[in-house]
Amino acid sequence: MIPKSLRLGPQDFVESADSLAVSLLGTTLARRLSSGLILRGRIVETEAYIGVRDRASHAFGCRRTPRNEAMYARPGTAYVYFTYGMHFCFNVVCAAAGDPQAVLIRAVEPLEGIEEMRHLRGLGAAAAAADRLVASGPARLCQAFAIDRTLNAVDLVTSDTLWLEPATDSTRPTRRPLRTPRIGVDYAGAWAKRLLRFVDPTTEHASRSPRPRTKRK
DNA sequence: ATTTAGATCCTCT
DNA sequence: GAGGATCTAAATG
């Protein structure tokens, strides 16, 4: 018989963002659409936003606003925000309630429901777009999984529409993650340089080449 | 392969 | 009123 899917529980999110960002690599993001269809993707790229002293974080300086309120909620809460006039990004809140740390999920490798993901992304079902383009990048991922404002502040521990599943022997990364500076936070001064982006080095589904390759001749 | 410009609107100052 | 935890297509080397 097929074992019931396990999911990450409350204790799994009681961890600092830089630590959880690594732990989440190889776990599965799961989403149940209103149609009942289930989408799954293996998390391959994350970024840590490590709290009030992190200049790149929406919660820098303890700014607490209606937008980032979810960052102050229980560990295991979803923080979904809107940016650039057209995109959503999905974060997993962690550490302790009131300590606004979160992990931005930047890319997954589609495992289940990829045709629906392509549809949600507006990509032709036909071979045109590589699988790698379906959910690589925080906004692409949200589009592919139909994650929007309505999922902000959802409890990933109990929700039946959005949750996380533990890594298995077949999904767990086999090598230590690559660490790089975070993307798109150049305004954050010294914090822009911190190595708080983590990529599974075995994947081809990251939002950009994990290791900048020297030019081929 | 790398750079750019444009889309577009919410959030905070 | 400014700018952003982005993406895409088009232009350029």
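Each chain gets a letter, A, B and so on, in the order its sequence line appears, and its residues count up from 1.
Comparing R149(A) and M86(A) against DNA chain B, the residue whose closest nucleotide sits nearer the 5' end is M86(A).
Distance, H58(A) NE2 to dG3(C) C1': 11 Å, rounded to whole Å. We find that OH of Y79(A) is positioned 15 Å from P of dC10(B), with the value rounded to whole Å. Across the protein-nucleic acid pair, L133(A) atom CG and dA9(C) atom P stand 10 Å apart, rounded to whole Å. F88(A) places its CZ atom 14 Å from the P atom of dC7(C), with the value rounded to the nearest Å. Whole-Å rounding puts the L141(A) CG to dT6(C) P distance at 13 Å. Rounded to whole Å, the distance from OH on Y49(A) to C1' on dG4(C) is 12 Å. Computed from coordinates, the D148(A) CG to dC9(B) P distance equals 15 Å when rounded to whole Å. The distance from atom CD of Q143(A) to atom C1' of dA7(B) is 14 Å, rounded to the nearest whole Å.
Counting only N and O atoms by type, the side chains of Q101(A) and S16(A) include no donor and acceptor under 3.5 Å apart. A side-chain donor from one of R197(A) and T180(A) sits under 3.5 Å from a side-chain acceptor of the other. S207(A) and R106(A) share a donor-acceptor pair across their side chains, judged by distance under 3.5 Å alone.
Using a 4.0 Å heavy-atom criterion, one finds that R182(A) contacts no nucleic acid atom at all. R121(A) comes within 4.0 angstrom of the backbone, heavy atoms only, and of no base. Contact annotation for A139(A): backbone-only contact, meaning every heavy-atom pair under 4.0 Å involves sugar-phosphate atoms and none involves a base.
For Y81(A) and dA5(C), a side-chain-to-base donor-acceptor distance below 3.5 Å is present, hydrogens and geometry of angles not being considered.
Of the listed nucleotides (dA5(C), dT13(B), dT8(C)), dA5(C) has the atom at the smallest distance from the side chain of Y187(A).
Distance check, rounded to the nearest 0.5 Å: CD of E112(A) to CE of M117(A) gives 8.0 Å.
Applying the 4.0 Å criterion to OP1 and OP2 of dA5(C), one finds that R197(A) has every side-chain N and O outside that range.
Stacking between Y84(A) and dA7(B) is absent: the aromatic ring centre is not both under 5.5 angstrom from the base six-membered ring centre and within 30 degrees in plane angle.
Residues Y81(A) and H58(A) bring their aromatic ring centres within 6.0 Å.
Base pairing analysis places dT8(B) opposite nothing; no Watson-Crick or G-U wobble pair with both distances below 3.5 Å involves it.
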